[in-house]
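Counting starts at 1 for both ligands and their atoms, in listed order. Just so you know, these numbers use all the heavy atoms, side chains as well, and skip hydrogens, waters and symmetry mates. Note that this is a predicted model, so its numbers are computed, not measured.
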Amino acid sequence: MVLISGRGSNLQSIIDTISDGSLPAEMRAVLSNEPDAYGLERARRAGVETRVVNHRDYKSRRQFDTALMNIIDEFDPGLVVLAGFMRILTPAFVNHYSGRLMNIHPSLLPDFPGLDTHQRALDAGVKEHGASVHFVTPDLDGGPVIVQARVPVKESDDADTLAARVLEREHVIYPQAIRWFAEGRLTIENGKVLLDGMPSLDRH
Ligand code: GRF
């Protein structure tokens with residue numbers, strides 16, 4: 001089950017890897033909080049069920065998250081994938097899907113949690129930037145990291161060129177992390193992710 005808010009290019013990469021046979025998973029549904037998210041169109045085109053839960057229709061985060069959980073649980077997903085889902089989730093939501101809720105964040109966590117990561121990386125003058133796939137915990141962008149992709153930062157970069165370079169790698173590492181999960185190869189021990197029993201980040 002994939003949650004989105006916008007363009008859905010990561011969603012598309014997951015759809016594509018499932019359909020070319022390299023990701024042994026079934027996408028049960030795509031849920032968006034934005035009725036006009038382009039990702040919904042991508043899901044429909046791929047024949048995946050879609051749902052919209054507009055956060056503006058709810059008085060509180062708790063009520064919105066309860067509505068989300070009710071819909072998600074109807075599909076009984078093994079994994080809930082946040083792919084550009086732009087709402088902060090309550091601890092009750094996060095704990096309900098503990099160990100089966102993943103997110104992709106466009107920075108080398110723990111650097112640059114939150115928004116505007118590419119501009120902030122440029123402003124900080126870092127030489128390397130990237131993206132991280134992590135399990136979600138109530139700590140915003142702070143959950144155990146599964147895999148990261150690193151890209152160089154070039155002199156000539158602006159936030160858009162840097163974002164594009166990172167995004168290209170996001171489309172590789174997100175399906176890869178989901179594949180590991182689907183194959184039962186990921187475990188969490190003492191707040192760290194293990195792949196086949198070994199620290200996953202040391203493998204890259
Ligand atoms: C990506 O950069 C992702 O890392 C971040 O939001 C963006 C979503 O892009 N969480 P898309 O909707 O998958 O194209």
Side-chain angles (χ1 to χ4, degrees), residues 1-19 23 25 27 29-46 48 50-55 68 79-89 93-94 97 101-124 126 128-153 157-179 181 193 201 204:
M1 175 111 201
V2 183
L3 272 56
I4 61 165
S5 298
R7 115 194 113 172
S9 71
N10 278 289
L11 167 69
Q12 188 70 56
S13 74
I14 300 164
I15 289 172
D16 293 346
T17 37
I18 292 175
S19 68
L23 176 55
M27 194 179 291
V30 170
L31 189 160
S32 174
N33 66 302
E34 290 289 354
D36 297 332
Y38 181 62
L40 288 169
E41 181 58 35
R42 298 182 192 264
R44 285 183 208 113
R45 246 190 272 143
V48 177
T50 59
R51 295 285 187 278
V52 173
V53 182
N54 190 331
H55 58 278
L68 285 182
L79 177 66
V80 177
V81 170
L82 306 178
F85 185 70
M86 298 304 286
R87 305 297 298 172
I88 291 176
L89 296 161
F93 181 100
V94 171
Y97 299 105
L101 182 61
M102 264 186 207
N103 182 42
I104 189 159
H105 181 77
S107 80
L108 294 171
L109 290 171
D111 293 345
F112 312 118
L115 297 174
D116 293 327
T117 56
H118 307 300
Q119 188 57 52
R120 285 161 59 210
L122 289 173
D123 293 346
V126 294
E128 259 193 336
H129 184 47
S132 308
V133 179
H134 64 96
F135 284 111
V136 179
T137 64
D139 182 14
L140 180 71
D141 298 327
V145 174
I146 301 163
V147 60
Q148 292 184 319
R150 294 172 180 277
V151 302
V153 177
D157 272 333
D158 59 24
D160 289 342
T161 58
L162 185 54
R165 191 172 311 118
V166 171
L167 192 64
E168 206 176 298
R169 302 298 310 282
E170 292 184 29
H171 298 161
V172 176
I173 61 171
Y174 216 176
Q176 181 182 53
I178 297 167
R179 183 180 314 123
F181 183 89
V193 175
L201 278 185
H204 292 273

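With 3.5 Å as the limit, one finds a donor-acceptor pair spanning the side chains of D157 and T161. In the model, H105 has no side-chain atom that pairs as donor or acceptor with a side-chain atom of T117 under 3.5 Å.
Only one option out of L89, V2, I104 pairs with L82 in a side chain to side chain contact (heavy atoms under 4.5 Å, CB included); it is L89.
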List, pair by pair, the atoms of ligand 1 and of the protein that are both N or O and lie under 3.5 Å apart, giving the separation rounded to 0.1 Å.
residue	atom	partner	partner atom	Å
ligand 1	2 (O)	E170	OE1	3.3
ligand 1	2 (O)	E170	OE2	3.1
ligand 1	4 (O)	E170	OE1	2.8
ligand 1	4 (O)	E170	OE2	3.2
ligand 1	9 (O)	R7	NH2	3.1
ligand 1	10 (N)	I104	O	3.0
ligand 1	12 (O)	G8	N	2.8
ligand 1	13 (O)	S9	N	3.3
ligand 1	13 (O)	N10	N	2.8
ligand 1	13 (O)	N10	ND2	3.0
ligand 1	14 (O)	R7	NE	2.5
ligand 1	14 (O)	R7	NH2	3.4
ligand 1	14 (O)	S9	N	2.8
ligand 1	14 (O)	S9	OG	2.5

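Remark: T50 engages no residue in a side-chain hydrogen bond (donor to acceptor under 3.5 Å, both in side chains) (not counting sequence neighbours). Partners of R42 under the salt bridge (Lys or Arg N to Asp or Glu O under 4.0 Å) rule, at least two apart in sequence or in another chain, do not exist in this structure.
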Identify all side-chain donor-acceptor contacts of residues 134-144 below 3.5 Å with residues at least two apart in sequence or on another chain.
residue	atom	partner	partner atom	Å
H134	NE2	N103	ND2	3.2
T137	OG1	D139	N	3.4
D141	OD2	G114	N	2.8

